[in-house]
Amino acid sequence: MTDYADIMTTLISGDADNVCNLVQTELDQGTNAGDILNSALIKGMDIVGEKMQSGEMFIPEVLMSAMAMNKAVEILKPLLSEDDKASAGHMVVGTVKGDLHDIGKNLVSMMVGSSGFDVTDLGVDVAPEAFVKTVQEKKTTIVALSALLTTTMPMMKQTIDAIRESGAEGVKIIVGGAPVTQAFADEIGADGYAADAGSAAKLAKSFA
Ligand code: B1M
């Protein structure tokens, strides 16, 4: 059985061209696209998440890996079976109303997307009603809220309340962002808190 060490190492180093070449070589040799996705790319991104958490990788490096992952997935997409395409669930992510910071939120979006979720990114300055609308329209299993300002943290509670009051069932709401803590997450009734994008992907998977 292939261990895909080359693909994983190249993905972790963020070398998109070589990841794509290695993926294409595997395909040319008849390797199944779903196997490459699950056993090489998603596994590789799991390692990126761990390295990010431990401080071994920094934001720009993580972004390079995530971009390499996205390019490789584009090659595999037409070849994936419906089973392979079935995602871990649907996540809606956004920075709450009044807050324009999006760099951390984009990382969360990429890391969670790379770990098998179908992600809708609503962007920044997202009103509670917009989250509610998306949760209702898609089969959302997880909502991830980002806030970078102490002044927009209360908007996280308002958003959680709006989603709960809309009657959405089985939706897990997770929160994060520099000023957010586990204690704050507990206080506002969130289902979870993640300190960084790698942890957000792990947390999302734990709910899948
Ligand atoms: Co702003 N800003 N900013 N800013 N800004 C901060 C946040 C601030 C700490 C700077 C400071 O004063 N030291 C401060 C907030 C103070 C506070 O409230 N305690 C601040 C301020 C005051 C402001 C303005 C009010 C300034 C002004 O206009 N007077 C203004 C507000 C605008 C608004 O939002 N309404 C403002 C504006 C801006 C820019 C537009 C100039 C720009 C944003 C550009 C952009 O995002 N496209 C900006 C920036 C760049 C920053 C700093 C310098 C960097 C933020 C960043 O991107 N970090 C920031 C200072 C700092 O943090 N050092 C600052 C990198 C990013 C990867 O980290 O977003 O924390 P972060 O994401 C992390 C984790 O937090 C976590 O994962 C990521 C890592 O993996 N995470 C989640 C984030 N979201 C998550 C969601 C999850 C899970 C994890 O869901 C489950």
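If you're wondering where the values come from, they're calculated on a predicted model, not measured in any experiment.
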Open item on the list: Any donor-acceptor pair under 3.5 Å linking the side-chain atoms of D15 with those of N18?
Closed with: yes
TODO: Answer with yes or no whether the side chains of E74 and N70 bring together a donor and an acceptor at under 3.5 Å.
DONE: no
Does a side-chain heavy-atom distance below 4.5 Å link [X] with [Y]?
X	Y	answer
D191	L203	no
V19	K71	no
F207	I174	yes
K138	V92	no
V143	T159	no
I163	I173	yes

Task: Rounded distance (nearest 0.5 Å) linking atom CE of M153 with atom CG of L145 - done: 12.0 Å
Task: CG-CG distance between L22 and D17, expressed to the nearest 0.5 angstrom - done: 11.0 Å
Does [X] have any salt bridge (Lys or Arg N to Asp or Glu O under 4.0 Å) partners at least two apart in sequence or in another chain, and if so, which?
X	answer
K202	none
E165	none
D46	K205

TODO: Would you list the pairs meeting side chain to side chain donor-acceptor pair (under 3.5 Å) in which at least one residue belongs to residues 166-176, sequence neighbours left out?
DONE: none
Task: Reference residue H90; test side chain to side chain donor-acceptor pair (under 3.5 Å); the match among T140, T141, D118 - done: T140
Open item on the list: Is there a continuous path of hydrophobic side-chain contacts, each under 4.5 Å between heavy atoms, that joins V73 to I47?
Closed with: yes
- [ ] Kindly write out the residues that satisfy side chain to side chain donor-acceptor pair (under 3.5 Å) with H101, not counting sequence neighbours, or none if the list is empty.
- [x] D99
Task: Closest heavy-atom pair and its distance - F117, A204 - done: CZ-O, 3.4 Å
Task: Closest contact, heavy atoms only, S65 versus M45 - done: O-SD, 3.9 Å
Open item on the list: Exactly one of I36, D28, L11 should register a side chain to side chain contact (heavy atoms under 4.5 Å, CB included) with V23. Which one does?
Closed with: I36
Acceptor/donor pairs from residues 128-135 side chains to any protein atom, 3.5 angstrom cut, sequence neighbours excluded:
{"from": "K133", "atom 1": "NZ", "to": "E137", "atom 2": "OE2", "distance (Å)": "3.3"}
{"from": "T134", "atom 1": "OG1", "to": "A130", "atom 2": "O", "distance (Å)": "2.9"}

TODO: Any chance you could lay out the side-chain contact (heavy atoms from CB on, under 4.5 Å) test for T95 and L100, step after step, and finish with the verdict?
DONE: CA-CA 7 Å; T95 304; L100 303 175; over 6 Å; no
